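Notes follow once the structure below has been shown.
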Amino acid sequence: MPVVRKRLAGPAVEVAPTLLNHLLVKGNRVGRIVEVEAYGGRDDPASHAYRGETNRNRVMFGPPGHCYVYFTYGMHWCTNIVCGPPGEAQAVLIRALHPVAGMAAMRAVRPAARRDTDLCNGPAKLCQAMGITGADGGTDLLAGEPGTLGLLDDGMAPPRRPGNGVRVGISVATGRRLRWWVEGDPCVSKARPVALTAS
DNA sequence: CTTTGGATCGTCT
DNA sequence: GACGATCCAAAGG
């Protein structure tokens with residue numbers, strides 16, 4: 001079933017954990033969201049939107065339900081789901097999926113993955129596995145267009161008590177516990193320890 | 001198993 | 001000119 005847009009109307013810190021166990025779909029490839037991070041706008045030094053709107057982050061400032069896809073480290077794509085009111089640039093980074101369907105197609109584009117649990121256990125890995133690139137940036141995930149990237153709710157509720165901890169891979173605002181995951185799922189990414197600085 | 005360093009380029013300072 | 005909301009292969013225990 002489609003996701004009601006109203007459910008994405010709140011700030012990322014509230015929406016993020018509720019997206020756990022939802023499905024990300026593109027063509028025949030399907031993955032269940034098992035790890036997310038919340039990024040705020042002007043109040044979050046770690047957010048791409050912290051210094052205001054630019055060509056790169058423009059989608060973040062747009063309506064909820066669309067996806068913000070960015071390119072980083074000269075080679076990787078990562079996907080966010082925009083939420084909150086337009087103009088606030090709230091977004092939820094999808095950090096890991098548990099593959100549900102289309103694993104053969106995922107494997108074909110991810111030869112480095114030794115096991116199925118390695119196909120989507122990282123924000124750039126899942127983009128590669130799902131075939132998400134800049135061309136998918138700005139897509140309305142709730143439009144239900146066949147073949148395009150979409151967000152679905154198959155009825156599995158988010159965990160009542162998800163894992164929670166600090167965000168991964170950032171160098172500022174490292175003390176905020178804005179990462180949530182499905183406790184015990186083998187596809188949750190392995191976070192490398194990061195030195196704590198300011199909050 | 002864990003740790004380390006290199007890859008690689010768009011974006012913003 | 002510096003630095004990433006990262007990943008992987010290689011080396012070491």
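In this text the structure is predicted, and so the values were computed from the model without any measurement. Residue numbers begin at 1 in each chain, while the letters A, B, ... track the order of the sequences. Computed over heavy atoms, backbone and side chain alike; hydrogens, waters and symmetry mates excluded.
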- Task: In whole angstrom, give the distance that lies between atom CG of Asn57(A) and atom P of dG4(C).
- Result: 16 Å
- Note on the structure: Separation of dT6(C) atom C1' from Asp118(A) atom CG, nearest Å, is 15 Å
- Can Tyr39(A) be said to stack with the base of dA5(C), given centres closer than 5.5 angstrom and planes under 30 degrees apart? yes
- Task: Consider the side chain of Met60(A), meaning its heavy atoms from C-beta on, and name the nucleotide among dT6(C), dA5(C), dT8(B) that approaches it most closely.
- Result: dA5(C)
- Message: Closest approach to the side chain of Ser47(A), judged atom by atom: which nucleotide of dC8(C), dA5(C), dT8(B) is it?
- Response: dA5(C)
- Query: dA7(B), dC7(C), dG10(B): which one has an atom nearest the side-chain heavy atoms of Phe71(A)?
  - Reply: dG10(B)
- Could you give the NZ-to-C1' distance, from Lys125(A) to dC8(C), as a whole number of Å? 8 Å
- Which nucleotide in the list dA5(C), dC8(C), dC7(C) gets nearest to the side chain of Arg110(A)? dC8(C)
- Do Asp154(A) and Arg32(A) meet the salt-bridge criterion of a basic N to acidic O distance under 4.0 Å? yes
- Send over the distance from Glu35(A) CD to dT6(C) C1', rounded to a whole Å. 13 Å
- Query: Is Asn55(A) touching bases, backbone alone, or none of the nucleic acid, heavy atoms closer than 4.0 Å?
  - Reply: nothing
- Item | Interatomic distance, Asn80(A) CG vs dG4(C) C1' [rounded to whole Å] | 14 Å
- Message: Would a single hydrophobic cluster contain both Val100(A) and Val36(A), if residues Ile, Leu, Val, Met, Phe, Trp and Tyr are joined by side-chain heavy-atom contacts under 4.5 Å?
- Response: no
- Message: I need the CD-P distance between Glu53(A) and dT11(B), as an integer number of Å.
- Response: 15 Å
- Go through the structure and list residues passing ring pair (Phe, Tyr, Trp, His ring centres under 6.0 Å) with Tyr70(A), not counting sequence neighbours. His48(A), Tyr68(A)
- Item | Cluster overlap Leu19(A) with Leu23(A), hydrophobic side-chain contacts below 4.5 Å | no
- Task: Identify which nucleotide among dC12(B), dA5(C), dG4(C) has an atom closest to any side-chain atom of Tyr73(A), counting heavy atoms from C-beta outward.
- Result: dG4(C)
- Round to a whole Å and report the spacing from CZ of Arg176(A) to C1' of dA5(C). 14 Å
- Item | Residues Glu37(A), Arg167(A): salt bridge by 4.0 Å N-O rule | no
Atom pairs, protein N/O to nucleotides 9-13 of chain C N/O, distance under 3.5 Å:
none

- Message: Using whole Å, what does the distance between atom P of nucleotide dG4(C) and atom CD of Glu37(A) come to?
- Response: 15 Å
- Query: Side chain of Arg51(A): nearest nucleotide among dA5(C), dC8(C), dT13(B)?
  - Reply: dT13(B)
- Message: Please check if the number of heavy atoms outside Arg51(A) that lie under 6.0 Å from its CZ is greater than 12.
- Response: no
- Note on the structure: A correct dot-bracket answer for DNA chain B, with pairs being Watson-Crick or G-U at under 3.5 Å, [ ] for crossing pairs and | for inter-strand pairs, is |||||||.||||.
- Query: Is it true that atom CZ of Phe71(A) has more than 12 heavy atoms of other residues, nucleotides or ligands lying nearer than 6.0 Å?
  - Reply: yes
